[in-house]
Every structure is written in C-alpha cells, then in structure tokens.
Amino acid sequence: MTVYYVDDGGSNTSPYDTWAKAAPTLAALQTGAATSLTTDGNIVYIGADSVSSGDAAGANITFT
C-alpha cells in the first residue's frame, strides 16, 4: 500500500508521500508516481481546494 497526496500547495516532489511534497494535480500524480496508482490498497488524499476544472481528465481515473 502506498499513500499519495495531491495539493496545489505541495512541491510536486516524488514520491508525493507528504502534504509538503504533494503533486499539484491528479494528472501530475498519475504521470509522476513511481508505482502504479491502480495497485490495490493505494490511497490518494486530495486537498479540499486542490482539484480544479483543469483536472477533468483525471476525474475519470478510478482508484481502489
């Protein structure tokens, strides 16, 4: 299990494992994550104000 963070205030630093190193968008997380985001048990935390309309393509991704 891997925990990822998405927040527009993060530094976009892989492995995105803290709020400080969070990916700025879902698309950036999908592109830069070192492991597959679709691996069972992975968790993605998203900052409440971080998902913009520019992430519409990322909204179609299913995480389990």
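All figures in this text were calculated on a predicted structure; none of them were measured in a lab.
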**Student:** Test D17 against V3 for side chain to side chain contact (heavy atoms under 4.5 Å, CB included), laying out the working first.
**Tutor:** CA-CA 6 Å; D17 57 353; V3 176; over 6 Å; no

**Student:** Step through it carefully: locate the ring centre of Y16, locate the ring centre of Y5, and say whether they are under 6.0 Å apart.
**Tutor:**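 Y16 vs Y5: aromatic centres not under 6.0 Å.
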
**Student:** Run the side chain to side chain donor-acceptor pair (under 3.5 Å) test against S11 and tell me which residues pass, sequence neighbours left out.
**Tutor:**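 If we apply the side chain to side chain donor-acceptor pair (under 3.5 Å) test to S11, skipping adjacent residues, the hits are T13.
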
**Student:** To the nearest 0.5 Å, what is the distance between CE on M1 and CG on N42?
**Tutor:**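 Answer rounded to 0.5 Å: 8.0 Å.
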
**Student:** What residues, two or more places apart in sequence or in another chain, satisfy side chain to side chain donor-acceptor pair (under 3.5 Å) together with N12?
**Tutor:**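 Testing N12 for side chain to side chain donor-acceptor pair (under 3.5 Å), a comparison that skips the adjacent residues, returns none.
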
**Student:** For a quick test of reading the model, state the closest non-hydrogen atom pair linking L29 to Y4 and the distance between them.
**Tutor:**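 So the minimum-distance heavy-atom pair works out to CD1-CD2, 3.6 Å.
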
**Student:** If I compare all heavy atoms of I46 with all of L26, which pair ends up nearest, and what's the gap?
**Tutor:**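 Here I46 and L26 meet closest at CD1-CD2, 3.8 Å.
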
**Student:** Between D7 and G47, which heavy-atom pair has the shortest distance, and what is it?
**Tutor:**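 Shortest heavy-atom contact: OD1-CA, 3.5 Å.
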
